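These notes concern the structure reproduced below.
Given the structure is predicted, the values throughout are model-derived calculations rather than measurements.
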Amino acid sequence: ENNSDMKVFSVYCDNGETGTNFQRPEFQRMMYDVYNGKVNCIIVKDLSRFGREYIEAGEYIERIFPLIGIRFIAINDNYDNKVQSTDIIVPIKNVVNTLYAKDMSKKSAAALRTKQANGEFIGTYASYGYAKSTEDKHKIVIDEYAAKVVKQIFEWKSEGFSYASMCRKLYDRKIMPPARYRYDKGIIKDKRAANSELWSDMTLKSMLTNQVYLGHMVQGRRKSHFYEGKNEEKITKEEFVIVKNTHEPIVSQELFDKV
């Protein structure tokens with residue numbers, strides 16, 4: 001408002017995204033506008049808001065932006081490339097931001113592993129048949145409606161029904177699959193789940209081998225590499241973190257073994 005030569009074109013906000021990843025949707029949208037000539041100045045609160053990976057951050061700030069004529073301002077760091085084209089403090093702060101992100105990632109991972117080992121639930125939402133406890137978010141409790149469906153699926157399989165026939169039975173009874181059920185209850189917001197009405201073989205196979213229904217907490221199926229900006233890594237079943245008798249079972253050991 002105080003600078004007549006500036007006009008806000010858009011605000012790009014990547015809440016919930018790691019700063020070590022430059023594939024963030026809003027960052028990509030901003031760069032799309034930059035390359036299409038719609039934006040010629042980028043303002044951030046500080047360098048860590050731009051990114052926490054020093055090599056790529058430095059590439060943008062020190063090479064790409066000057067090359068294509070983009071003014072870059074980091075307010076709290078008192079940096080403006082129009083005023084000062086080079087500043088030794090910028091690469092140093094980028095390195096510090098990277099190391100900070102790496103350290104926080106390790107500490108977060110260690111804390112999560114401790115919670116898993118203690119049998120505390122750390123997932124976004126509970127397995128179908130259960131719900132997060134309203135009294136303790138690290139515990140799961142029976143969801144009466146979904147638990148009945150789970151038990152029915154186990155019983156059908158124990159009687160020899162095929163996956164295809166069970167999928168048809170569930171559809172005929174208008175029983176929605178897990179994703180749609182969570183969407184209808186407001187547990188997830190992804191609108192893609194709104195059109196899901198069909199159960200799949202993979203969903204049933206996953207449920208019928210999940211020890212969570214025996215009352216055991218099963219976690220650590222995937223391993224994240226937060227600060228490296230890599231995709232999640234699948235973990236073998238032998239490496240799953242399983243803590244027994246943490247919550248009420250839905251099926252008996254006898255029925256589970258039979259299935």
Side-chain angles (χ1 to χ4, degrees), residues 112-188 190 192-224 231-259:
L112 291 177
R113 283 196 298 269
T114 299
K115 288 181 180 293
Q116 288 177 341
N118 290 336
E120 296 181 50
F121 178 72
I122 62 170
T124 307
Y125 48 79
S127 296
Y128 182 77
Y130 291 99
K132 277 187 179 181
S133 170
T134 55
E135 298 175 358
D136 185 349
K137 66 179 182 180
H138 295 306
K139 293 184 180 296
I140 58 175
V141 295
I142 293 281
D143 176 329
E144 295 295 343
Y145 172 82
K148 288 179 181 177
V149 176
V150 171
K151 193 167 185 179
Q152 180 66 78
I153 291 170
F154 270 89
E155 289 173 348
W156 279 338
K157 189 60 182 173
S158 72
E159 293 166 9
F161 284 94
S162 68
Y163 289 111
S165 62
M166 288 191 290
C167 288
R168 284 195 298 269
K169 280 178 171 289
L170 291 164
Y171 179 77
D172 291 341
R173 295 187 182 192
K174 293 182 169 54
I175 297 173
M176 295 294 108
R180 173 64 181 275
Y181 180 69
R182 294 187 185 104
Y183 179 82
D184 290 343
K185 292 196 71 175
I187 298 172
I188 61 175
D190 192 337
R192 289 175 296 181
N195 300 318
S196 175
E197 295 183 358
L198 301 175
W199 288 72
S200 70
D201 292 7
M202 289 302 297
T203 298
L204 294 178
K205 287 177 182 178
S206 178
M207 288 174 61
L208 293 170
T209 57
N210 194 345
Q211 294 186 58
V212 72
Y213 299 120
L214 290 172
H216 309 328
M217 191 65 72
V218 182
Q219 298 183 106
R221 291 184 175 88
R222 293 177 179 272
K223 183 178 181 181
S224 297
N231 293 329
E232 286 186 326
E233 172 190 354
K234 285 187 177 181
I235 301 300
T236 61
K237 287 185 177 182
E238 291 73 26
E239 296 178 280
F240 288 176
V241 179
I242 301 176
V243 181
K244 295 193 174 183
N245 305 317
T246 57
H247 52 272
E248 185 180 349
I250 291 177
V251 300
S252 67
Q253 186 72 56
E254 181 182 7
L255 178 58
F256 188 88
D257 291 342
K258 185 179 180 181
V259 168

Ignoring hydrogens and geometry, is there a side-chain-to-backbone donor-acceptor pair from Arg180 to Leu198 under 3.5 Å? no

Just checking, is any N or O donor in the side chain of Ser206 or Thr203 under 3.5 Å from an acceptor N or O on the other one? no

Ring centres under 6.0 Å, that's the criterion: do Trp199 and Tyr181 meet it? no

Cation over ring, Lys205 on Tyr163, under 6.0 Å and within 45°? yes

Heavy-atom nearest pair, Ala179 first then Ala193, reads O-CB, 3.6 Å

Looking at every non-hydrogen atom in both residues, tell me the closest pair between His216 and Lys244 and how far apart they are. ND1-CA, 3.4 Å

Using 0.5 Å steps for rounding, measure from the CD atom of Gln152 to the CH2 atom of Trp156. 4.5 Å

Check against salt bridge (charged side-chain N to carboxylate O under 4.0 Å, His left out), Arg168 and Asp172: CA-CA 6 Å; Arg168 284 195 298 269; Asp172 291 341; over 6 Å; no

Could you tell me whether the side chain of Tyr130 and the main chain of Glu248 form a donor-acceptor pair under 3.5 Å? yes

Which atom names give the shortest non-hydrogen contact between Cys167 and Asp201, and what distance separates them? SG-OD1, 3.8 Å

Do side-chain atoms of Ser158 reach the backbone of Glu155 as a donor and acceptor pair under 3.5 angstrom? yes

Is it the case that Lys185 places NZ or CZ above or below the six-membered ring of Tyr145, under 6.0 angstrom from the centre and within 45 degrees of the axis? no

